[in-house]
Amino acid sequence: MRVLPVPLFTRTHCMSTQAVTPQSVDFSAWYNEIVYKAGLCDLSPVRGCLIIKPYGYELWEAIKGGLDRRFKATGHQNAYFPLFIPESFLKREAEHVEGFSPELAVVTIAGGKELEEPLVVRPTSETIIMESFKNWIQSYRDLPLLINQWANVVRWELRTRPFLRTTEFLWQEGHTAHATFEEAEAETMQMLNVYADFAITDAAIPVVKGKKSDREKFAGALYTYTIEAMMGDKRALQSGTSHNLGQNFAKAFDIKFLDEANQLQNPWTTSWGLSTRMIGAIVMTHGDDKGLRLPPTVAPFQLVIVPIYKNDDEKSAVMEAVGRISQELLAANIRITVDKREGVSPGFKFNDWEMRGVPARLEIGPKDVANGTAALARRDVPGKEGKQFVPQEGIVARVQDLLKSIQANMLQQATVFRDANIHDVNSYDALKQVIEAGGWARGWWGGTGDDEARIKEETGATIRCFPFEQPGGNGVCFYSGAQAEQVALFARAY
RNA sequence: CGGGGCGUAGCGCAGUCUGGUAGCGCGCUUCGUUCGGGUCGAAGAGGUCAUGGGUUCGAAUCCCGUCGCCCCGACCA
């Protein structure tokens with residue numbers, strides 16, 4: 001039988017695991033320490049940029065995989081467009097250029113010469129993709145056009161944080177064109193649902209789906225839908241957005257098609273994006289004072305095997321069992337690694353892998369070899385409670401069940417936490433109290449954009465979204481007293 | 001760009017006030033020991049003290065300038 005190779009973890013994955021600042025003391029410090037200690041990233045020599053280390057990148061690959069599969073299943077194809085965009089393209093859509101110009105990086109010199117037209121390093125690719133769409137679309141038969149690209153983008157942010165906001169980041173951006181408003185709207189909604197399904201099912205993050213206020217929508221969009229997640233400090237994180245761009249870009253780029261009635265029309269376009277910020281969302285939703293906690297579905301390693309022995313005789317017996325069991329697990333497509341480091345005690349390894357957030361751990365020692373057992377521990381249940389001795393017989397099914405149970409439990413824990421921290425408010429004072437305590441405030445909203453700005457000024461909270469899940473009926477705006485048709489979710493956000 | 005802090009070994013820091021040619025902890029290397037929740041010991045390797053200038057017999061230390069980074073605010077996936 002072919003022997004399956006055990007995936008290695010390299011020294012680049014490892015760091016000393018000293019105590020981390022507890023979340024309760026300083027959540028921000030906790031986050032900053034944990035992303036480095038867990039081996040996700042390094043600071044880069046370039047201000048505001050991030051080096052994503054192998055462990056962090058494997059997490060990103062898992063995110064990519066989960067999304068890409070869903071994009072393909074909904075009929076999208078991947079393509080790639082240039083990093084550089086002629087400056088004039090950005091300027092064609094008025095709202096768009098206004099939204100992005102403060103944060104553009106622009107190349108003015110190349111090949112030792114001043115360029116005739118400066119090239120913008122893409123902050124997003126609507127404009128250069130629309131230029132292609134113009135050539136690709138002539139007939140209603142060319143529609144819908146469903147494209148996605150995986151790319152890096154650059155936004156010159158003043159204040160950056162690992163994964164949450166960096167000058168360069170990785171993401172996917174979907175761009176589609178449709179014959180009617182209704183089709184574009186259905187697409188916008190479909191992709192938001194794809195994001196939500198990924199977040200909930202794969203990342204175990206119970207996001208709230210909703211619509212952005214005009215103030216918060218994408219520059220150039222008719223409107224923007226969002227998935228909002230609650231982090232461990234109860235702040236909100238916009239984790240993915242889907243935009244209905246109407247005919248704004250189609251008109252700006254003069255994209256036209258002949259419909260079935262031989263009438264010339266502008267198509268309706270959408271765009272939707274999800275970035276490496278999702279890594280930050282996973283860290284801040286699930287992490288605890290011992291380190292990362294990764295949902296099994298996206299974890300680079302779902303289980304780590306720690307062999308335990310104190311002399312060569314024990315070692316050979318233990319390693320024989322480890323080899324046999326790891327082959328069984330690998331054959332079942334469970335992502336594992338074996339921690340064979342010498343000179344490091346098992347206790348150290350336990351803490352080390354807990355810092356990295358590996359969902360499950362299998363300890364195999366001399367007693368297990370004698371008894372045909374192993375110790376199986378789960379990351380989501382701390383201490384002894386999460387550890388049990390199990391028979392080696394039937395280990396694959398047991399691990400599969402355990403991983404399922406961990407995935408479900410993590411979503412459950414995050415959902416309970418979120419629901420306990422969303423509060424209904426019917427006065428501005430009540431909102432202030434809720435926001436001050438760190439929670440999310442939900443209330444009837446009939447205010448203006450200026451009202452929104454004032455609330456942000458006074459409380460730090462913004463409208464995260466108008467949730468799709470509405471109580472129904474009408475109410476009275478908690479702020480302006482006006483008649484309100486929907487409730488809004490307010491929170492401080494990253 | 002405003003307010004604060006910091007640049008000394010891979011990381012975290014002391015030394016700076018009171019100038020005398022660099023030290024501690026962790027990590028790293030080797031050996032031994034230990035190994036079921038962060039073992040212990042011994043011996044090593046590793047630094048143009050951010051940078052440019054000045055003062056001085058002598059500068060990590062004093063003076064002047066420059067650069068960079070981090071934290072807090074305004075902008076944002």
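So that the names make sense, note that chain A is the first sequence line, chain B the second, and so on, each numbered from 1.
In a base pair of the Watson-Crick type (N1 to N3 plus N6-O4 or O6-N4) or a G-U wobble (N1-O2 and O6-N3), with each distance short of 3.5 Å, C1(B) is matched with G73(B). Across all strands shown, G68(B) pairs with C6(B); the Watson-Crick or G-U wobble distances both stay below 3.5 Å.
Counting to the nearest Å, the C1' atom of C35(B) and the CG atom of Asp313(A) are 15 Å from each other. When rounded to the nearest whole Å, the span between CZ of Phe348(A) and P of U33(B) equals 21 Å. Rounded to a whole Å, the CD atom of Glu216(A) is 8 Å from the P atom of A77(B). One atom, CG of Leu158(A), and another, C1' of C70(B), lie 16 Å apart when rounded to the nearest Å. In this structure, CZ of Phe169(A) is placed 5 Å from C1' of A77(B), rounded to the nearest angstrom. Phe163(A) has its CZ atom 19 Å from the P atom of A77(B), to the nearest Å. Residue Gln238(A) contributes atom CD, which lies 11 Å from atom P of C76(B) at whole-angstrom precision. Spacing between atom CZ of Arg122(A) and atom P of C76(B) amounts to 22 Å, rounded to whole angstrom units.
Within the structure, every pair that satisfies the salt bridge (Lys or Arg N to Asp or Glu O under 4.0 Å) test and touches residues 284-305 of chain A, not counting sequence neighbours, is listed here: Asp288(A)-Arg379(A), Lys290(A)-Glu354(A).
With hydrogens and angles disregarded, no donor-acceptor distance shorter than 3.5 Å links the side chain of Ser405(A) to the backbone of Asp401(A). In this structure, the side chain of Asp197(A) does not engage the main chain of Asn193(A) through any donor-acceptor pair within 3.5 Å. Of the possible donor and acceptor atoms, one in the side chain of Arg277(A) sits under 3.5 Å from a partner among the backbone N and O of Leu164(A).
Phosphate proximity of C70(B) to Arg159(A): absent, as no side-chain N or O sits under 4.0 Å from OP1 or OP2.
Between A43(B) and G7(B), the distance separating the two P atoms is 32 Å to the nearest Å.
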